[in-house]
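Since the structure is predicted, the reported quantities are computational estimates derived from the model, not experimental observations. Counting from 1, the numbers follow the sequence of the chain as shown.
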Amino acid sequence: MTVFSGRAGRSIATAYVQAAIAPMAPVPAPYPVQRGLTQAMRDGAVTTGDVNRMQAWAGQSAMLAPADPAGDVVRTIFDGARALLR
């Protein structure tokens with residue numbers, strides 16, 4: 001996905017990403033032009049905490065992660081740590 005920087009990367013499918021990869025969307029500019037074009041949007045997103053406009057990188061193993069609620073993940077980690085400490 002080249003929509004943030006002009007370079008390939010794996011990103012979470014945020015609102016910006018969905019719009020940028022839509023069939024009628026323009027092709028992203030090459031690196032580093034695209035990075036410059038999205039800089040103000042990304043900076044503003046970080047300031048306001050708007051994940052839909054920031055680079056939310058997923059990594060190459062993102063599809064292996066289960067889509068569990070955060071509370072369940074934290075509870076599982078906590079319970080596992082507590083069991084190891086007994």
Side-chain angles (χ1 to χ4, degrees):
M1 176 147 337
T2 60
V3 300
F4 287 108
S5 68
R7 286 188 172 169
R10 291 175 180 91
S11 175
I12 295 172
T14 63
Y16 169 73
V17 169
Q18 291 297 322
I21 63 172
M24 298 302 291
V27 175
Y31 179 84
V33 175
Q34 184 69 14
R35 184 160 176 76
L37 293 172
T38 62
Q39 186 70 54
M41 176 188 70
R42 292 180 289 111
D43 289 348
V46 170
T47 300
T48 62
D50 182 2
V51 72
N52 280 301
R53 297 182 303 125
M54 68 175 63
Q55 290 177 259
W57 297 123
Q60 66 184 25
S61 299
M63 296 302 293
L64 299 175
D68 296 333
D72 292 350
V73 172
V74 172
R75 199 170 298 106
T76 299
I77 293 169
F78 178 80
D79 291 345
R82 186 171 50 189
L84 288 171
L85 295 172
R86 288 185 187 174

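Contacts of Val33 classified as side chain to side chain contact (heavy atoms under 4.5 Å, CB included), with partners at least two apart in sequence or in another chain: Ala29, Leu37. Partners of Asp50 under the side chain to side chain donor-acceptor pair (under 3.5 Å) rule, at least two apart in sequence or in another chain, are Arg53. Residues satisfying the side chain to side chain donor-acceptor pair (under 3.5 Å) test with Thr14, not counting sequence neighbours, are none. Under the salt bridge (Lys or Arg N to Asp or Glu O under 4.0 Å) criterion, Asp43 pairs with no residue, sequence neighbours left out.
For the atom pair CE of Met54 and OG1 of Thr47, the computed distance is 8.5 Å after rounding to the nearest 0.5 Å. Atom CD of residue Gln34 and atom CZ of residue Arg7 lie 13.0 Å apart, to the nearest 0.5 angstrom.
A pairwise comparison of heavy atoms in Ala20 and Ala25 identifies O-CB, 3.3 Å as the closest pair.
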Donor-acceptor pairs under 3.5 Å, side chain of residues 60-73 to any protein atom, not counting sequence neighbours: which ones?
from  : atom 1 : to    : atom 2 : distance (Å)
Asp72 : OD1    : Arg75 : NH1    : 3.0

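Applying the salt bridge (Lys or Arg N to Asp or Glu O under 4.0 Å) test to residues at least two apart or on different chains, none of the pairs has a partner in residues 56-66. For residues 77-86, every residue pair satisfying the salt bridge (Lys or Arg N to Asp or Glu O under 4.0 Å) rule, not counting sequence neighbours, is listed here: Asp79-Arg82. Listed by first and then second residue, the ring pair (Phe, Tyr, Trp, His ring centres under 6.0 Å) pairs that reach into residues 9-41 are Phe4-Tyr16, sequence neighbours excluded.
In this structure, Met41 is a member of the same hydrophobic cluster as Ile21, with clusters built from ILVMFWY side-chain heavy atoms closer than 4.5 Å.
Paired with Thr2 under the rule side-chain contact (heavy atoms from CB on, under 4.5 Å), one option of Pro30, Ser11, Pro28 passes, and it is Pro28.
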